[in-house]
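Following: one structure in structure tokens, then a few remarks.
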Amino acid sequence: MKILVTGGAGFIGSAVVRLAVARGHEVVNLDALTYAANPANVAPVADSPLYRFEHADIRDRAALDRIFAEHAPDAVMHLAAESHVDRSIDGPAAFMETNVTGTFHLLEAARSYWLAKGRPDTFRFHHVSTDEVFGSLGETGLFTEETAYDPRSPYSASKAASDHLVRAWAETYGLPVVLSNCSNNYGPYHFPEKLIPVVILNALHGQPIPVYGEGRNVRDWLYVEDHADALLTVLQDGALGRSYNIGGNNERANIDLVRDLCAILDRLRPDAAPHGDLITFVADRPGHDLRYAIDASRIRDELGWQPSVTLQEGLERTVRWYLENEDWWRPLLSRDGVGTRLGVGS
């Protein structure tokens with residue numbers, strides 16, 4: 001299969017690219033190389049004859065038409081997105097432009113290509129989204145595929161809008177789509193503005209480890225390589241028009257997650273004082289959702305997929321990867337916004 005992956009130089013997208021190439025698929029990686037993208041993320045497959053890179057923006061319809069015509073993909077996996085909630089609070093426009101307008105242009109380019117090919121029933125457009133579109137849970141309950149949308153940040157609102165666009169293009173034009181909504185990802189190649197890499201890198205530098213509010217916000221954590229496996233499963237075996245929630249079955253309060261990471265670092269890279277001493281509680285983020293939790297029974301029951309990496313195992317792997325790959329993360333520390341508190345609101 002030849003797959004066009006948008007955002008394939010990002011965190012989740014690059015995991016998909018690496019796994020797809022490893023499994024023998026041809027991959028065309030379309031990426032605008034914005035601040036969170038990194039060509040080094042796909043270095044392990046960059047020399048493969050199965051891999052091609054296209055430096056393009058999903059908002060550029062002419063570029064999209066050229067790429068579809070030149071590469072003739074069998075499927076699209078749409079992962080290109082602005083994804084950092086804090087940045088969306090400070091600058092929502094970029095999220096609307098990429099996540100909404102960009103998705104519109106990609107859908108139209110895919111539809112035009114699909115029609116020109118005679119509407120092949122083997123074509124797939126896989127839209128990759130987030131559980132944040134469902135809003136915030138209380139202390140109990142799980143997000144299912146039928147949960148009503150209730151986005152609460154500019155980021156999640158933009159992703160909700162893109163989900164609705166994809167469903168509309170399926171209903172109105174018959175475009176063959178599948179959708180997935182995932183819980184929080186973590187693992188190797190995670191850009192150092194998100195919680196887990198911030199904890200690891202701040203601890204290594206002896207800097208305060210910021211925890212929003214009281215740290216009681218709960219997330220379900222999904223190892224990124226498990227997610228890539230799930231996404232390829234949905235692409236190949238998912239029912240047309242169907243959506244699949246993908247979770248790690250690993251709920252953890254932020255403060256407990258941070259303490260787990262500090263304990264791993266105490267063991268692998270001990271310092272004069274415990275790394276947990278660096279934990280610093282800071283003002284909470286505006287509109288900070290209390291809890292996300294995924295019911296992933298549909299993908300398990302219908303497609304036979306379930307996560308293979310426990311949270312403790314995944315955190316250990318992640319910490320070891322950052323300890324062994326300073327040459328990857330150090331150049332990223334100078335990128336715009338990294339190491340700076342964002343999303344404080346007005």
Side-chain angles (χ1 to χ4, degrees), residues 6-7 9-13 31-38 41 57-59 79-104 128-136 149-165 181-186 189-202 205 207-219 254-255 257-258 279-292 329 331-346:
T6 71
F11 172 45
I12 301 173
D31 202 294
L33 296 181
T34 56
Y35 81 96
N38 189 351
N41 294 359
D57 193 309
I58 58 171
R59 297 172 297 175
L79 295 103
E82 294 285 347
S83 66
H84 193 219
V85 175
D86 288 355
R87 286 181 185 264
S88 81
I89 294 170
D90 292 344
F95 289 73
M96 303 305 132
E97 292 166 4
T98 296
N99 299 354
V100 182
T101 303
T103 298
F104 161 71
V128 180
S129 191
T130 171
D131 61 356
E132 297 189 39
V133 299
F134 300 125
S136 182
Y149 277 38
D150 185 24
R152 294 154 57 93
S153 72
Y155 162 60
S156 58
S158 70
K159 288 299 291 184
S162 68
D163 291 9
H164 292 321
L165 287 175
N181 295 80
C182 68
S183 58
N184 280 42
N185 279 226
Y186 72 103
Y189 301 98
H190 204 175
F191 189 74
E193 68 180 356
K194 301 295 182 77
L195 176 60
I196 288 178
V198 164
V199 172
I200 295 170
L201 298 181
N202 281 30
H205 289 88
Q207 297 176 349
I209 298 171
V211 176
Y212 289 171
E214 297 179 353
R216 302 317 307 173
N217 304 78
V218 174
R219 300 294 182 260
N254 285 347
I255 185 59
L257 182 82
V258 171
I279 294 173
T280 304
F281 295 97
V282 299
D284 207 351
R285 178 168 70 201
H288 198 178
D289 293 339
L290 175 64
R291 175 173 168 262
Y292 305 145
W329 54 258
L332 302 180
L333 299 182
S334 61
R335 293 200 179 180
D336 180 50
V338 176
T340 302
R341 175 70 196 271
L342 303 171
V344 295
S346 59

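Computed over heavy atoms, backbone and side chain alike; hydrogens, waters and symmetry mates excluded. Along the sequence shown, residues carry numbers from 1. Just so it is clear, the structure is predicted and the values come from calculations on it, not from any experiment.
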**Message:** Applying side-chain contact (heavy atoms from CB on, under 4.5 Å) to Leu165 and Val100, what does each step give before you reach the verdict?
**Reply:** CA-CA 8 Å; Leu165 287 175; Val100 182; 4.2 Å; yes
**Asked** Can you find a pair of side-chain heavy atoms, one from His205 and one from Leu333, that are under 4.5 Å apart?
**Response** yes
**Asked** Mind checking whether Asn202 and Pro210 have side chains closer than 4.5 Å, heavy atoms only?
**Response** yes
**side-chain contact (heavy atoms from CB on, under 4.5 Å) evaluation trace for Leu332 with Phe191** = CA-CA 8 Å; Leu332 302 180; Phe191 189 74; 4.1 Å; yes
**Request:** Verify, without hydrogens or angle tests, whether Asn41 (side chain) and Ala9 (backbone) share a donor-acceptor contact under 3.5 angstrom.
**Result:** yes
**Request:** Working to the nearest 0.5 Å, report the span between CG of Asn217 and NE2 of His288.
**Result:** 3.5 Å
**Request:** Using the side-chain contact (heavy atoms from CB on, under 4.5 Å) rule, take Val258 and Ile279 through it: C-alpha gap first, then chi angles, then the decisive distance, then the call.
**Result:** CA-CA 8 Å; Val258 171; Ile279 294 173; 3.8 Å; yes
**Item:** N/O donor-acceptor pair under 3.5 Å between Lys159 side chain and Val128 backbone
**Value:** yes
**Request:** With rounding to the nearest 0.5 Å, note down the distance linking OH in Tyr189 to CG in Asn38.
**Result:** 9.5 Å
**Prompt:** Can any side-chain N or O of Ser153 pair as donor or acceptor with the backbone N or O of Val85 at less than 3.5 Å?
**Reply:** no
**Item:** CD/Gln207: more than 12 non-hydrogen atoms of other groups inside 6.0 Å
**Value:** yes
**Prompt:** So do Ile200 and Trp329 actually touch side chain to side chain, heavy atoms under 4.5 Å?
**Reply:** no
**Request:** Kindly compute the distance separating OG (Ser183) from CZ (Arg219), expressed to the nearest 0.5 Å.
**Result:** 10.5 Å
**Request:** Would you indicate whether the side-chain heavy atoms of Ile196 and Leu257 approach each other to under 4.5 Å?
**Result:** yes
**Message:** Please check: side-chain N/O of Ser158 versus main-chain N/O of Asn99, any donor-acceptor pairing under 3.5 Å?
**Reply:** no
**Message:** So does Thr6 get a backbone contact from the side chain of Asp31, meaning a donor-acceptor N/O pair under 3.5 Å?
**Reply:** no
**Message:** How long is the straight-line distance from CD1 of Ile89 back to CZ of Phe95, given to the nearest 0.5 Å?
**Reply:** 9.0 Å
**Request:** Decide yes or no on side-chain contact (heavy atoms from CB on, under 4.5 Å) for Tyr212 and Asp86, but give the supporting numbers first.
**Result:** CA-CA 12 Å; Tyr212 289 171; Asp86 288 355; 2.5 Å; yes
**Asked** So, for Phe134 and Asp150, which heavy atoms are closest and what is the spacing to 0.1 Å?
**Response** O-CB, 3.7 Å
**Message:** In the structure I gave you, are the side-chain heavy atoms of Met96 and Pro154 within less than 4.5 Å of one another anywhere?
**Reply:** yes
**Item:** Whether Ser88 side chain and Tyr155 backbone form a donor-acceptor pair below 3.5 Å
**Value:** yes
**Item:** Side-chain donor or acceptor of Asn181 paired with backbone N/O of Thr130 under 3.5 Å
**Value:** yes
**Message:** If the condition is salt bridge (charged side-chain N to carboxylate O under 4.0 Å, His left out), which residues does Arg59 pass it with, not counting sequence neighbours?
**Reply:** Asp57, Glu97
**Prompt:** If you take all heavy atoms of Ser83 and Lys194, which pair is closest and at what distance?
**Reply:** OG-NZ, 3.5 Å
**Asked** With a 4.5 Å limit on heavy-atom distance, are the side chains of Glu214 and Ile255 in contact?
**Response** no
**Message:** Are Leu195 and Asn254 packed together at the side-chain level, in the sense that at least one heavy-atom pair is separated by less than 4.5 angstrom?
**Reply:** yes
**Sub-4.5 Å side-chain heavy-atom contact between Asp163 and Val133** = yes
**Message:** Using 0.5 Å steps for rounding, measure from the OG atom of Ser156 to the OH atom of Tyr149.
**Reply:** 11.0 Å
**Item:** His190 and Phe11 aromatic ring geometry - parallel, tilted or perpendicular at 30°/60° bounds
**Value:** parallel
**Asked** Cationic tip of Arg335 within the cone over Tyr35's six-membered ring, i.e. under 6.0 Å and within 45° of the normal?
**Response** no
**Request:** Provide the closest heavy-atom pair for Thr280 versus Pro208 in the form atom of the first, atom of the second, distance.
**Result:** OG1-CB, 3.5 Å
**Request:** Write down the atom of Pro151, the atom of Ala160, and the distance for their closest heavy-atom approach.
**Result:** CG-CB, 4.0 Å
**Message:** Donor-acceptor pair, distance only, cut-off 3.5 Å: does the side chain of Thr101 make one with the backbone of Thr98?
**Reply:** no
